[in-house]
Visitor: 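The structure follows.
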Amino acid sequence: MQSCKPLVLALALALPATTFAGPLSGDKVKIGILTDMSGVYASVGGKGSVIAAQMAIADFGGKVLDKPIELVSADHQNKADIGVGKAREWFDTQGVDMVNDLLNSGVGIAVQKLGAEKKRITINNGAGSTALTGKECSPYGIHYAFDTYALAKGTATALMKQGLDSWYFLQADYAFGAALQGDASKIVAATGGKVLGTVKHPLSSTDFSSYLIQAQDSKAKVVGLANAGADFVNAVKQAKEFGLKQTIAGLLVFDSDVKALGLNAAQGMKFTTAYSWELNPEMEVFGKKFFAKAGFMPTMDHAGVYSSTLHYLNAVKAAGTDDADAVMKKMRETKVNDFFAKNGVIREDGRMVHDMYLVEVLKPSESKGAWDQLKLLATIPGEVAFKPLAGSECPLIKK
Amino acid sequence: MDIPLQAILSQALLGLNNGAFYALLSLGLAVIFGMLNVVNFAHGTFYMLGAFVALLGYNQLGWILGDESIYMSFWAALIVGPIVVGLLGVLIEKTMLSRLYKVDHLYGLLLTFGLALIFEGVLTNYFNVAGEPYNAKPEILEGAVNLGFMVFPKYRLFSIVLSLTVCFAIWYLIEKTKFGSHLRAGTENPDVTRAFGIDVPSLRTLTYFLGVALAGLAGVVAAPIYSVSPRMGSDLIIIVFAVVVIGGMGSIMGAILTGIALGLLEGLVKVFYPPLANTVIFIAMALVLLWRPSGLFGKEA
């Protein structure tokens, strides 16, 4: 049996080496930012999201459990198949432990599904659809910055309180527009208002004048815009041009959209946001630091990417491993306390519950600089802002 | 369906507005194809660059010259925008396109498509896709007039009149003047034209300048209405191509009339069945091509 000795010895050495290789898979933590780098939502996320994640890693110290933290990024081009393909490659061959941003509900839902299958954590920041924590919820999926319910809830409730109780919607004709319009309509109806009609427009329309004239003819007090990005910007500009007297409610507005519109066209508009650098001194510190790196102020998506990446790294450190189950457990147990959220909680369905803010766009005369564009009207407590867990369609909590 | 006459009239006017705008953009494309046989895929990009010249002239000129009070007004942009964009076109024509006239049009198409991607990419990197507002709309064009059936912004009336005037002036220039006849002769039979002592290469450069400058002009006109963004060209270019194809590739009058007609058609569809609005142009294109493969005003191939 002389000849077997080396083999046995080798086995004896190899076994513990694989079992106790260290607490981290691949001996490092690898984070992937999957976002829209070139399309309609590139200014919402895009390279800003990569910068935000880099900042979070740097602020954490660049290392976790004495091992390096690596960052990779890719453009999903707003196509679910491309996003899933990239995420699969990351999970299967590159040892990516967590994917962040996602931006665009179609891509977000698809990648969250893949994450559930592969046991990897996915954090949606830029995507809006409440399906992410509803029908499509996952034990490894987190919906972090905002969702269509919270956005619609804050804005519609505030306007209803002012007696603006009849609404007409302009809706981007795809899943996200429908979700936003649906959520807002329910809130209007629940608080005693009326929805007089909806006109659907194709995604990326240039000319909104016809739709706006139809909204004007409806005599509704509020014209609700259930669209985003360039569609939203063009619709508001043209509403001003045609002298619409009605209140325009933007249901999903990013700081970058207000910048694109200019205060002249956007002044007086009220909307709900999860973050803006102007809301409080802590948010301002982050905003200015980000600005110094990026050359533009962060959107709520960028802020969410930073906060969630840091929260993830803290959880890895606390759990002593990057195993998805252990990290998710820690992330749920620990409250999020940073500039983005105070006592933020990740619920069972994956929803991160935190305060939202009702803001108003300044008049040009009130603005003191290029990015001075919003004022805070009210803070909406997390438990009011987000859809309650009771009645959720998430299969995980139907026990 | 019960739609009041008032709504139909107002949508028709809005449609005319878009139609005039499509005509202005398609015209340049038709001129370039008709005279040079180049499928100018960068047309949307030149349109976008026209808007950016106006924007930067208004926001940055003073900063560049070191005196914040200097800026380029909208009226100046209407002249400067097309010229700057046209000159860029000349540079491209002289250095790149002119080498491709002898080969298949596919090469011109690929070249201009590549240029479009490069310009869009560079500007996206600097300006972000959300774009920026252009606030130089002159005081006199602010506000709206009451036309009885609707309140119509003065600026839109101005843009209808301007677009149609320019379109018909260009048509007159090409179809009715001596310069125009040289231009047409230069494409149909370059060797004979050259024998008459006409400088064909310069004529071609001038034609490209003209076509591209028209796109630049459309960009300046669009800047106050839409946000100025690197993507504004690629959003429109497909519609503009459809207009030119329906009108008949290369037909000047075809591009103008089809542009207006499609604007009207699209406007009316927005009242009757809005989700179809972006598609109706392509349905029209398919139907026209089945019936007349060379387009409504195209010469039989």
Side-chain angles (χ1 to χ4, degrees), chain A residues 36-44 46-48 170-171 173-174 198-214 216-217 228-234 236-238 240-245 254-266 294-296 299 364 370, chain B residues 3-4 6-7 10-15 17-18 21-22 117 120-121 124-135 137 141-144 146 150-156 222 224-232 234-236 239 263 266-271 273-279:
Chain A
D36 175 7
M37 292 284 188
S38 51
V40 274
Y41 301 132
S43 55
V44 171
K47 66 177 177 186
L170 256 66
Q171 175 199 323
D173 194 10
Y174 75 115
T198 298
V199 61
K200 294 179 186 177
H201 66 78
L203 181 64
S204 340
S205 295
T206 334
D207 185 64
F208 285 87
S209 43
S210 292
Y211 310 124
L212 290 165
I213 298 292
Q214 292 175 50
Q216 195 171 33
D217 291 345
D231 282 346
F232 165 79
V233 170
N234 278 325
V236 176
K237 273 197 106 141
Q238 291 166 32
K240 160 123 174 121
E241 195 196 347
F242 279 85
L244 251 69
K245 297 277 188 298
F254 294 95
D255 285 28
S256 51
D257 296 332
V258 178
K259 184 76 176 19
L261 267 173
L263 298 184
N264 246 332
F296 50 87
T299 61
Chain B
I3 288 168
Q6 188 190 348
S10 57
Q11 295 300 336
L13 185 58
L14 292 169
N17 180 205
N18 282 337
F21 190 65
Y22 292 158
L117 290 178
E120 203 183 303
T124 303
N125 204 25
Y126 282 99
F127 292 95
N128 252 336
V129 283
E132 295 197 18
Y134 176 67
N135 294 324
K137 191 157 87 180
L141 297 175
E142 286 289 354
N146 194 339
M150 78 179 297
V151 176
F152 202 72
K154 284 183 198 162
Y155 185 82
R156 299 255 178 165
I225 303 182
Y226 310 120
S227 188
V228 179
S229 112
R231 288 178 52 86
M232 61 193 287
S234 49
D235 290 344
L236 261 180
I239 294 181
E266 195 191 48
L268 293 175
V269 169
K270 280 177 179 169
V271 200
Y273 189 62
L276 198 65
N278 279 18
T279 325

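Residue numbers start from 1 in every chain, and the chains themselves are labelled A, B, ... in the order their sequence lines are given, proteins ahead of strands. When reading the values below, keep in mind they use all heavy atoms of this one structure, side chains included, and skip hydrogens, waters and symmetry mates.
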Visitor: So, taking the atom named CD in B:Gln11 and the one named CD1 in A:Ile213, what distance separates them when rounded to the nearest 0.5 Å?
Guide: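 Rounded to the nearest 0.5 Å, the CD-CD1 separation comes out at 7.0 Å.
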Visitor: Is a side-chain N or O of B:Glu132 found less than 3.5 angstrom from the main chain of A:Gly262, in a donor-acceptor match?
Guide: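 Looks like no, no N/O pair under 3.5 Å.
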Visitor: By a 4.5 Å heavy-atom criterion (distance strictly below it), what part of B:Met232 contacts chain A: side chain, backbone, both, or neither?
Guide: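 Neither; nothing under 4.5 Å.
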Visitor: For B:Pro274 and A:Pro202, work out which heavy atoms get closest and say how close.
Guide: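 The pair with the smallest heavy-atom distance is O-CD, 4.2 Å.
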Visitor: Quick check on A:Asp207 against chain B: is it the side chain, the backbone, both or neither that has a heavy atom closer than 4.5 Å?
Guide: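 A:Asp207 touches chain B through backbone and side-chain heavy atoms alike.
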Visitor: Please classify the contact of B:Tyr134 with chain A as side chain, backbone, both or neither, using a heavy-atom distance under 4.5 Å.
Guide: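 The backbone, not the side chain.
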Visitor: Please report the interatomic distance CE(B:Met150) to OG(A:Ser209), rounded to the nearest 0.5 Å.
Guide: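 The distance works out to 7.5 Å.
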Visitor: Which answer fits A:Ala42, side chain, backbone, both or neither, if we ask what part of it has an atom under 4.5 Å from a heavy atom of chain B?
Guide: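 The answer is both parts of A:Ala42.
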Visitor: Check whether B:Ser229 gets within reach of chain A through its side chain, its backbone, both or neither, counting any heavy atom under 4.5 Å.
Guide: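 Contact with chain A is absent: no heavy atom of B:Ser229 under 4.5 Å.
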Visitor: Side chain, backbone, both or neither: which part of B:Lys137 has a heavy atom under 4.5 Å from chain A?
Guide: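 The side chain, not the backbone.
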Visitor: Give, as side chain, backbone, both or neither, the part of B:Ile225 having an atom under 4.5 angstrom from any heavy atom of chain A.
Guide: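 Both backbone and side chain.
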Visitor: With rounding to the nearest 0.5 Å, note down the distance linking CD in A:Glu241 to CG in B:Leu141.
Guide: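 Output value for this atom pair is 10.5 Å.
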Visitor: For A:Phe296, is it the side chain, the backbone, both or neither that has a heavy atom under 4.5 Å from a heavy atom of chain B?
Guide: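 Answer is side chain: those atoms of A:Phe296 sit under 4.5 Å from chain B.
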Visitor: Looking at CZ of B:Arg156 and CZ of A:Phe242, how far apart are the two atoms once the value is rounded to the nearest 0.5 Å?
Guide: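 Those atoms lie 4.0 Å apart.
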Visitor: More than 12 heavy atoms of other residues, nucleotides or ligands under 6.0 Å from NZ of A:Lys237: is that the case?
Guide: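 Yes, because the 6.0 Å sphere around NZ of A:Lys237 holds more than 12 heavy atoms from other groups.
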Visitor: Hey, could you give me the CG/OG distance between B:Asn18 and A:Ser210, rounded to the nearest 0.5 Å?
Guide: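 The OG atom of A:Ser210 is 7.5 Å from CG of B:Asn18, to the nearest 0.5 Å.
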Visitor: Which atoms of A:Lys240 come close to chain B, meaning under 4.5 Å heavy atom to heavy atom: side chain ones, backbone ones, both, or neither?
Guide: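 For A:Lys240, no heavy atom lies under 4.5 Å from chain B.
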Visitor: Quick one: which of A:Asp173, A:Thr206, A:Val233 has the most heavy-atom pairs under 4.5 Å with chain B, could you say?
Guide: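 Maximum pair count with chain B is reached by A:Thr206.
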Visitor: From B:Leu14 CG over to A:Gln238 CD, what is the distance, rounded to the nearest 0.5 angstrom?
Guide: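 B:Leu14 CG to A:Gln238 CD: 10.0 Å, rounded to 0.5 Å.
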Visitor: Would you mind checking which part of A:Tyr211 comes under 4.5 Å of any heavy atom in chain B, side chain (CB onward), backbone (N, CA, C, O), both or neither?
Guide: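 Only the side chain of A:Tyr211 comes within 4.5 Å of chain B.
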Visitor: Given a strict heavy-atom distance threshold of 4.5 Å, which part of B:Pro230 is in contact with chain A: side chain, backbone, both, or neither?
Guide: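 Nothing of B:Pro230, per the 4.5 Å heavy-atom cut-off to chain A.
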